[in-house]
2 protein chains.
Amino acid sequence: MKEQEKISKEQLILEAAEQEFFIKGYDGARTTSIAQRAGVTHAMLHYYYRTKEQLFERIIEKNAKTIAETMLAAMGNPTMPIVERLKDGVSAHFDLVATNPLLPRFFLNEIIARPERYNLLYDKMKSIAGVLFASMQCEIDAAAKRGEMERVDIRMLLMSTLSLNIFPFIIHDFAQPVMGDLMADREQFIQQRKAENVETIMRRIKKM
Amino acid sequence: MKEQEKISKEQLILEAAEQEFFIKGYDGARTTSIAQRAGVTHAMLHYYYRTKEQLFERIIEKNAKTIAETMLAAMGNPTMPIVERLKDGVSAHFDLVATNPLLPRFFLNEIIARPERYNLLYDKMKSIAGVLFASMQCEIDAAAKRGEMERVDIRMLLMSTLSLNIFPFIIHDFAQPVMGDLMADREQFIQQRKAENVETIMRRIKKM
DNA sequence: TTTTGCGTTAACAAAATTGTTAGATAAAAT
DNA sequence: ATTTTATCTAACAATTTTGTTAACGCAAAA
């Protein structure tokens, strides 16, 4: 009967840690503050996770897959024709970011502050990206030749996609009070923003 | 004759602090590390600036004007016709960001971690933005009615502009090794990216 | 019932980080 | 030359943050 509470306490710390780390980063997070947030003494945190460092690792592990999936999503569904594939990429990437709105800023900050820590994930990305970029560029060039779309550099286009999809979530809290009613209803804003980004990218590749 | 060195030492600390704060943020920065970077003992840092907090304030003060100017720049030159004005806004904003590539991420992180600290700058922004948004929207609607451009929400368009202009600099170091030769020559990349962003926004508002 | 082991707490210890001070040194002023 | 002032250093002190431990309770197993 204590089994449920036990799981719950360990879990509570993990969830509190994620909140704290996502908002304040590794350096800004305080183990006591995490414990407080979770409603336990800070000795408990050390009991379950030993060190701040190890607790942090758990949070990274828990989110590494999401990070990788999100980036991949931006490349769209490879079975679709390239124009639809790009559109699908913007849309799918946006959805994943919207589901994990704090993750990109957190991850980018950590990787900038301590790049050496993420060599694993990083090297994998490089090799995957190289291949994917090449094949997508090839398809783009072919489609452009057929007059189906503008010829663009896939890397520039993906950079635009990531920018448009991620940045609004980074500035969300900052922008909200400035934007009048635009962001008052979160769900509605997210929906509008997604449409805006798809439209922006589609227009960018439209043959003119 | 020591006069030059004196200025230089105090100055060295300030510059080292800016580097450290910009990369690691307030919490990640270490006063000893700043001192080391500046080539002085950390007692010197306290001698000149008393506390880490006060040193940080100096960095904020030094950059507050740039932050405000950059945001304003995105709204373009008010004397121009709206379509050109928007184009000018993208371009001018990009240039300012490119000149201070670390500033946006730093500032956004700080304002997210400690929003209460920036109420002054923030309230000012809100009141200015409200007026500017309204007048620009008005011009856009008029131009749209004349068939000169697509009707768009100025707030969405500005959000896109900021996203496209700022985010590439946030991911710069992360993206560079992934992007093949695209970012090898920094100056060239910046120039290309600027053109890309202008093109993207111009296509977004083009009447179709 | 005793034992075993996990969960818990409070108090403590260690480490990391920031901040201070007394006095040395050099420069400037009188 | 002497006083005064600013700069600087090394050693130390304070504070903050992280991590440990000893003892206790309690539930389940033996």
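For clarity, every value in this text was computed on a predicted model and none was experimentally measured.
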**OP:** Please work out which residues in residues 22-40 of chain B have a non-hydrogen atom less than 4.0 Å from an atom of DNA chain D and list them by number.
**Re:** none
What does the list of N/O pairs under 3.5 Å between the protein and nucleotides 23-25 of chain D look like, with a distance for each?
none

Original post:
For dC8(D), does OP1 or OP2 lie under 4.0 Å from any side-chain N or O of Thr41(B)?
Top reply: no
Original post:
What pairs with Gln188(B) under side chain to side chain contact (heavy atoms under 4.5 Å, CB included), at least two apart in sequence or on another chain?
Top reply: Asp185(B), Gln192(B)
Original post:
Does atom NZ of Lys206(B) have more than 12 heavy-atom neighbours from other groups under 6.0 Å away?
Top reply: no
Original post:
Over how many whole Å does the gap from Glu20(B) atom CD to dT17(C) atom C1' extend?
Top reply: 13 Å
Original post:
Got a sec, which pairs hit ring-ring contact (aromatic ring centres under 6.0 Å, His included) with one end in residues 171-195 of chain B, sequence neighbours left out?
Top reply: Tyr122(A)-Phe174(B)
Original post:
Between Lys9(B) and dC8(D), does any side-chain N or O lie under 4.0 Å from OP1 or OP2?
Top reply: yes
Original post:
Going by the salt bridge (charged side-chain N to carboxylate O under 4.0 Å, His left out) test, which pairs reach into residues 167-183 of chain A, not counting sequence neighbours?
Top reply: Asp181(A)-Arg155(B)
**OP:** Under the side chain to side chain contact (heavy atoms under 4.5 Å, CB included) rule, collect the residues that match up with Leu132(A), sequence neighbours excluded.
**Re:** Leu72(A), Met75(A), Arg85(A), Ile128(A)
**OP:** If a pair satisfies side chain to side chain donor-acceptor pair (under 3.5 Å) and one of its residues is in residues 16-27 of chain A, list it, with sequence neighbours excluded.
**Re:** Glu18(A)-Lys62(A), Glu18(A)-Asn63(A), Gln19(A)-Arg37(A), Glu20(A)-Ser33(A), Glu20(A)-Arg37(A), Tyr26(A)-Glu53(A)
Subject >> Whole angstrom value for the distance that separates P of dG19(D) from CZ of Arg50(A) >> reply: 10 Å
Subject >> Sequence neighbours excluded, every pair satisfying ring-ring contact (aromatic ring centres under 6.0 Å, His included) that has a member inside residues 60-95 of chain A >> reply: Phe94(A)-Phe169(A)
**OP:** Name the closest nucleotide to the Tyr48(A) side chain, picking from dT7(D), dA10(C), dG7(C).
**Re:** dG7(C)
Original post:
Among all residues two or more places apart in sequence or in another chain, which pass the salt bridge (charged side-chain N to carboxylate O under 4.0 Å, His left out) test with Arg204(A)?
Top reply: Glu196(B)
Subject >> Value in whole Å for how far the C1' atom of dT20(D) lies from NE2 of His46(A) >> reply: 9 Å
**OP:** Mind checking side-chain hydrogen bond (donor to acceptor under 3.5 Å, both in side chains) for Thr79(A) and listing every partner two or more places apart, or none if nothing turns up?
**Re:** Asn77(A)
**OP:** Rounded to the nearest angstrom, tell me the gap between atom CE in Met44(A) and atom P in dT18(D).
**Re:** 17 Å
**OP:** Mind running a 4.0 Å heavy-atom check of residues 51-60 of chain B against DNA chain C and sending the residues that fall below it, in number order?
**Re:** Thr51(B), Lys52(B)
Original post:
Got a sec, which residues hit side chain to side chain contact (heavy atoms under 4.5 Å, CB included) with Ala143(A), two or more places apart in sequence or on another chain?
Top reply: Ile82(A), Arg146(A), Glu148(A), Met149(A)
Original post:
Once you round it to whole Å, what is the distance between P of dT18(C) and NE2 of His42(B)?
Top reply: 9 Å
Subject >> Ring-ring centroid check Phe21(B) Phe56(B), cutoff 6.0 Å >> reply: yes
Original post:
Just how far, in rounded Å, is C1' of dA10(D) from OH of Tyr47(B)?
Top reply: 16 Å
**OP:** Specify the separation, in whole Å, of atom CD of Glu10(B) and atom C1' of dC8(D).
**Re:** 14 Å
**OP:** Compare the minimum distances between each of dT7(D), dT20(C), dC6(C) and the side chain of Ala43(B), then state the nucleotide with the smallest one.
**Re:** dT20(C)
